Amino acid sequence: MTGPAGKREHWASRRAFVLAAIGSAIGLGNIWRFPYVCYENGGGAFVIAYFIGLITAGIPLLILEFGLGHSTQGAAPIAMGRIHPKMEWFGWVATGVGFVICTYYAVIMSYCANYTWHSFTLAWGDNPSDFFFNKVIGLTDATKHPWALGRFMPGVFIGLAISWIWIILSIWKGTKTVGKVVYVTVLVPWAILIVFIVRGVTLPGALEGLKFYLTPVFSKLAEPQVWLAAYTQVFFSLSVGFAIMIAYASFLPRKSDIVKNAFIIGTGDALTAFLGGLAVFGALGYKAHLSGVPVSEVVRSGPGLAFVTYPEIISNLPAPQLFGLLFFLMLLTLAIDSAFSLVEAVAAATMDKWGWSHRRSNLTVGGLAFLLGIPLTFGAGLHWLDIVDRFMNQIGLSLVVLGETLLIGYYFGSERMRTYVNGLSDFSVGKWWNACIMIITPAVIAWLLISEVLARIKAPYGDSGLRSQEFVFGWLILVLIFLIAFGLQGAKGKKAPEPIRNA
Ligand code: PFF
């Protein structure tokens, strides 16, 4: 959002920034990812770990990223480079992790676009599970031969192309259009979600699903995997560790209430996920009631969960075609402002570094992400998507967040950053923030990362065990991100880093 030679663009109003940041945070992560990660990690216990993660890491990191973007007025690579001249590469790692997430995120948007279309005929019929896995994504048997990728799914491909065109058009003119688009993309989905929550919790058998969701099995809290899933879901959901919030805050005017905004965005996002969970678990209870099996066994979990449970609710609503259409449009509008926030973040990094025009940056980033998403439009796409998602979230985001806490907490100084953000805000953050940034978050993340890496090495992938080539593939992407990041730090840029601004 900087012109090649011009002044940095700013948000039209504070409200535009808050809405854009909420729009980035609230996305498929709340309605598609949160429920299945929660389902896989024991329901109620996960919800507790999630809220602890939100307070001890999510909101403090949001404040950190806002402070970093605001003080350096740069997207992640320049921001990190201004904190320490040798750390620009680390900003590129954050940007790279976000970019990879965006490539598969658009594929989920494509599934939503396909379902919008299928809503007209309620094409999923009585067996939404079979419809999703066999007809929409063509997963049947493909995972047995994942390298062959399975059938090409034209519907998923067309949906992916449409999603990318829509994403790029939404940000064609930078902060000015984004500031307006987000009024629709934040407020409309909320209104529709309320209808789904009410229907989800009133379905017959819903109570069993809600019990699974809300009753914590405390012994689950002894499993590091549950905490890792919860903390990384918090990061994913708040869009922290993706380079997004740093870039968005870099467009803020000088006086901006960073602390209050971080609290509004953090709680708004968590509440949306929590309430969305009521709808999904209500529907799972209903499904268990129909099929006579416990909620914990009722569906094949994983990223397909939402595409099986929501159609179930939709078929049970009056005027199901209309609600189907509304619901999948809601998912698309939730997703679009998350996806374009990431394109903005990567584009801002290229504009900062090379002085590219807004249009050139957006088209390059969007075009590349579209091409990289194409392999996921084949039959084994969801399988690969799941692998990349796990590696990017559990390892990629965790590494970025860990690095951020160490760089700001110890090198820049957490007290110095706290003083900076408080100087801008009506509402101050207390010293507990230093403890979160310097001790709690890095300690928890380091512990979780170590146990996760050890667990991956011993029993790489869930129950089925990750095939060795898949395991290597996950690591390869991460290693590539680091290599490219080092290369980009060395690449010649437009100008030397500038000093940090004072509050
Ligand atoms: N916070 C977003 C969500 O919860 O859906 C995560 C996200 C994913 C943001 C992909 C941006 C993105 F490109």
Side-chain angles (χ1 to χ4, degrees), residues 19-38 50 53-54 58-59 61-62 65 75-76 94-112 160 163-164 166-168 170-171 178 182 185-186 189-190 193 229-248 262 265-277 303 306 330-349 362 365-366 368-370 372-373 376 385 388-390 392-394 396-397 400-401:
L19 278 177
I22 289 195
S24 171
I26 302 180
L28 295 175
N30 303 60
I31 309 292
W32 157 72
R33 198 172 190 281
F34 177 87
Y36 82 77
V37 177
C38 179
Y50 184 83
L54 177 75
I59 293 179
L61 279 162
L62 211 47
E65 291 202 350
T95 312
V97 170
F99 177 75
V100 172
I101 292 178
C102 195
T103 59
Y104 70 76
Y105 198 76
V107 176
I108 307 289
M109 286 180 69
S110 162
Y111 299 163
C112 299
L160 183 66
S163 302
W164 273 112
W166 192 25
I167 294 169
I168 297 299
S170 309
I171 47 176
V178 171
V182 287
T185 55
V186 171
W190 260 341
L193 185 61
Y231 269 72
T232 50
Q233 173 60 23
V234 167
F235 303 150
F236 184 89
S237 197
L238 289 182
S239 303
V240 296
F242 285 65
I244 295 175
M245 294 305 186
I246 301 176
Y248 266 14
I265 295 160
T267 31
D269 179 69
L271 269 181
T272 310
F274 180 74
L275 295 176
M330 170 190 90
L331 281 189
L332 280 171
T333 47
L334 276 178
I336 186 104
D337 39 16
S338 302
F340 70 56
S341 68
L342 199 273
V343 178
E344 286 284 6
V346 186
N362 283 345
V365 174
L368 200 61
F370 168 64
L372 290 173
L376 302 180
L385 188 154
V388 179
D389 180 70
R390 281 164 199 254
M392 286 303 113
N393 284 288
Q394 303 199 338
L397 286 185
V400 172
V401 162

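Numbering of residues begins at 1 and proceeds along the displayed sequence. Order of appearance sets the numbers: ligands from 1, and atoms from 1 within every ligand. Not measured: the values here are computed from a predicted model.
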Around atom 2 (C) of ligand 1, find the nearest protein heavy atom and jot down its residue, atom name and distance. Ser24 O, 3.3 Å
Which protein non-hydrogen atom lies closest to atom 7 (C) of ligand 1, naming both residue and atom, and how far is it? Phe242 CE2, 3.8 Å
Using every non-hydrogen atom in the two residues, find where Ala345 and Ala247 come nearest and quote the distance to one decimal. CA-CB, 3.9 Å
Closest heavy-atom pair and its distance - Val401, Gly241: CG2-CA, 4.1 Å
In terms of residue, atom name and distance, what is the protein heavy atom nearest to atom 13 (F) of ligand 1? Leu342 CB, 3.1 Å
Numbering the atoms of ligand 1 from 1, which are under 4.0 Å from a heavy atom of Cys102? 13 (F)
So which heavy atom on Leu62 is nearest to which on Gly266, and how close? CD2-N, 4.1 Å
For Thr95 versus Ala349, what's the shortest heavy-atom pair and its separation? CG2-CB, 4.5 Å
At a non-hydrogen distance cut-off of under 4.0 Å, which region of Ile244 contacts ligand 1 (side chain, backbone, both, or neither)? side chain
Mark up the atoms of ligand 1 that fall under 4.0 Å of a heavy atom belonging to Leu28, in ascending order. 5 (O)
Is there a polar contact between ligand 1 and Ala25, counting only N or O atoms under 3.5 Å apart? yes
Show, in sequence, the C-alpha distance, side-chain angles and deciding distance for Val37 and Tyr50, and conclude whether the side-chain contact (heavy atoms from CB on, under 4.5 Å) test is met. CA-CA 11 Å; Val37 177; Tyr50 184 83; over 6 Å; no
Any nitrogen or oxygen of Ser341 lying under 3.5 Å from a nitrogen or oxygen in ligand 1? Just yes or no. no
For ligand 1, the portion of Phe236 having any non-hydrogen atom under 4.0 Å away: both
For ligand 1, is any non-hydrogen atom under 4.0 Å from Ala339's backbone (N, CA, C, O), its side chain (CB onward), both, or neither? backbone
Can you give me the closest heavy-atom contact between Ala270 and Leu54, atom names plus distance? CB-CD2, 3.6 Å
Minimum side-chain heavy-atom gap Val343-Trp164 below 4.5 Å: yes
Trp190 and side chain to side chain contact (heavy atoms under 4.5 Å, CB included): which partner among Thr272, Thr333, Leu334? Thr272
Regarding atom 8 (C) of ligand 1: of the candidates Phe34, Phe340, Tyr105, which has the closest heavy atom? Tyr105
Of all the non-hydrogen atoms in the protein, which one sits nearest to atom 12 (C) of ligand 1, and at what distance? Ser338 O, 3.6 Å
So the atoms of ligand 1 within less than 4.0 Å of a heavy atom of Ser237 turn out to be 1 (N), 4 (O)
Any donor-acceptor pair under 3.5 Å linking the side-chain atoms of Ser237 with those of Asp269? yes
Location of contacts on Ser239 toward ligand 1, heavy atoms closer than 4.0 Å: both
Under 4.0 Å from ligand 1, counting heavy atoms only, is it the side chain of Ala335, its backbone, both or neither? neither
What is the distance from atom OH of Tyr36 to atom CD of Gln233, rounded to the nearest 0.5 Å? 8.0 Å
Hey, which atoms in ligand 1 end up nearer than 4.0 Å to a heavy atom of Asn30? 4 (O)
Ligand-side contact atoms (ligand 1) for residue partner Gly27, heavy atom cut-off under 4.0 Å: 3 (C), 4 (O), 5 (O)
At their closest point, which heavy atom of Ile59 faces which heavy atom of Leu238, and how far apart are they? N-CD1, 4.1 Å
